[in-house]
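To start, the structure itself, in structure tokens.
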Amino acid sequence: MKLMTWNVNSIRVREARLLRLLEAARPDVVCLQELKVVNEAFPFEALRDAGYHAAVHGQKTYNGVAILSRLEPEGVERGFGDDEDDEQARLVAARIAGVHVASVYVPNGAEVGSEKWAYKLSWMKRLRHWLDRRFARPDLVALCGDFNVAPEARDVSDPDAWEGSVLTDPEARKALQDVRAFGLVDSFRLHHEEPGFYSWWDYRMLGFPRNKGLRIDHIDLSGPLAERCTGASIERDERKGKQPSDHAPVIAELDL
DNA sequence: ATGGTTGCTTAGCAA
């Protein structure tokens, strides 16, 4: 199974790029984030013509997540379904070929100490609780998406410049560790130890031309799935050219 | 250097 995750930053604007990418990379499953459309405006037809089913949890203007799959997704869930479930569409999950796949868009957090920052941290706690409620350790779980956290210094182009950012703050990193402590590993780091790999570059300040990036998009796998992970990569070229997303797609290969 | 760009929506927010 070729599993991909991509923050498209508007499915409307990125539809043509997405269709080209599907044809070129031929992934089996794709987790999308930041659709910025309601379900009714999602391009179901174009994607069906390209050979993909879609489980969509959309929202007007902000957020919105989806899972594309060649096989029909089963048991689709939208949101945490917990007591404090809210209107922000940041989680969709489904079962595909026995793998529990989730597409997540973790809140950015704006500024450390802000209201949005508190929401980010609490959302990540809810994500861990959702994993605990929903899955058992032997399950095949793939948690994919924009986590808005660079796990370590080697995931940041200029750690000093990013000191104090919501993407690198120790508390955010701890929150990510707490999610992963469910029993998930960063698939990319199974195959690449060295620094210099990023998945997001700011549109501003020539972020991409200067390669001022961070690795904040991840495919986290449960133990039994990690054992079957034969490769991982970042489609850096997708950040190039006209009207790119500010994120590049991330891929994990699973031998199922 | 508190800058700069993109998307949604139409002046301001979110990232």
Side-chain angles (χ1 to χ4, degrees), chain A residues 5-21 31-43 46-47 56-66 79 86-92 103-124 127 144-151 155-169 171-173 175-176 198-218 234-250:
Chain A
T5 185
W6 190 24
N7 179 324
V8 291
N9 186 18
S10 167
I11 188 69
R12 265 193 253 268
V13 176
R14 231 61 66 194
E15 181 180 335
R17 266 186 182 261
L18 175 61
L19 292 170
R20 279 203 304 276
L21 180 65
C31 294
L32 301 175
Q33 300 86 36
E34 281 211 85
L35 304 176
K36 300 187 174 182
V37 294
V38 294
N39 286 20
E40 291 69 30
F42 187 84
L47 288 163
V56 181
H57 187 25
Q59 182 186 329
K60 181 180 159 69
T61 311
Y62 303 118
N63 310 316
V65 287
D86 53 50
E87 69 291 335
Q88 296 198 27
R90 295 180 176 276
L91 169 73
V92 63
S103 178
V104 300
Y105 177 43
V106 174
N108 171 283
E111 297 283 335
V112 172
S114 67
E115 209 168 294
K116 291 196 175 81
W117 170 248
Y119 180 70
K120 176 180 194 169
L121 296 177
S122 89
W123 199 93
M124 293 178 83
L127 178 58
C144 318
D146 176 0
F147 286 74
N148 269 313
V149 180
D155 301 309
V156 183
S157 55
D158 184 351
D160 290 341
W162 285 94
E163 178 101 32
S165 155
V166 292
L167 306 178
T168 63
D169 185 90
E171 217 177 335
R173 287 177 167 164
L176 177 60
Y198 313 123
S199 67
W200 171 83
W201 300 259
D202 203 315
Y203 284 128
R204 299 164 290 185
M205 304 289 283
L206 300 173
F208 187 68
R210 292 176 174 165
N211 200 26
K212 295 289 185 194
L214 289 85
R215 198 175 65 87
I216 59 175
D217 300 88
H218 310 296
I234 299 175
E235 293 291 297
R236 191 179 186 282
D237 285 353
E238 185 53 51
R239 183 63 175 75
K240 299 176 179 173
K242 238 176 95 92
Q243 283 196 303
S245 168
D246 44 354
H247 296 254
V250 175

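A, B, ... follow the sequence lines: proteins, then strands. Residue 1 opens every chain. Computation of the quantities below employed the complete heavy-atom set of this structure, encompassing side-chain atoms and omitting hydrogens, waters and symmetry-equivalent molecules.
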Partners passing side chain to side chain contact (heavy atoms under 4.5 Å, CB included) against A:Lys240 (at least two apart in sequence or in another chain)
A:Phe208, A:Arg236, A:Asp237

Using a 4.0 Å heavy-atom cut-off, does A:Arg210 contact any base of the nucleic acid, only the sugar-phosphate backbone, or nothing at all?
nothing

Where each residue is assigned the nucleotide of DNA chain B containing its nearest heavy atom, which of A:Asp246 and A:Lys36 is assigned the position nearer the 5′ end?
A:Lys36

Reading DNA chain B from 5' to 3', where do the contacts with chain A start and stop? Cut-off is 4.0 Å to heavy atoms.
B:dG4 to B:dA15

Considering only the P atoms, how many Å lie between B:dG7 and B:dT2, rounded to the nearest integer?
26 Å

Quick one: side chain to side chain donor-acceptor pair (under 3.5 Å) partners of A:Asp169, sequence neighbours excluded?
none

Inter-nucleotide P distance (B:dG3, B:dC13), Å rounded:
15 Å

Please give the distance between the P atoms of B:dT5 and B:dT9 as a whole number of Å.
22 Å

Check every strand shown and say whether A:Tyr105 touches a base, only sugar-phosphate, or nothing at a heavy-atom separation below 4.0 Å.
sugar-phosphate

Residues 9-18 of chain A vs salt bridge (Lys or Arg N to Asp or Glu O under 4.0 Å), sequence neighbours excluded, gives A:Arg17-A:Glu238

Quick note, side chain to side chain donor-acceptor pair (under 3.5 Å) partners involving residues 106-120 of chain A, not counting sequence neighbours, are A:Asp86-A:Tyr119

Could you tell me how far B:dA1 sits from B:dT6 if I compare only their P atoms? Round to whole Å.
26 Å

For B:dA15 versus B:dG4, give the span between their C1' atoms, rounded off to a whole number of Å.
13 Å

Quick one: list whatever passes ring-ring contact (aromatic ring centres under 6.0 Å, His included) with A:Tyr198, sequence neighbours left out.
none

Between A:Ala110 and A:Met205, which residue's closest nucleotide on DNA chain B lies nearer the 5′ terminus?
A:Met205

Has the side chain of A:Ser103 got a donor or acceptor atom that lies under 3.5 Å from a matching backbone atom of A:Leu32?
yes

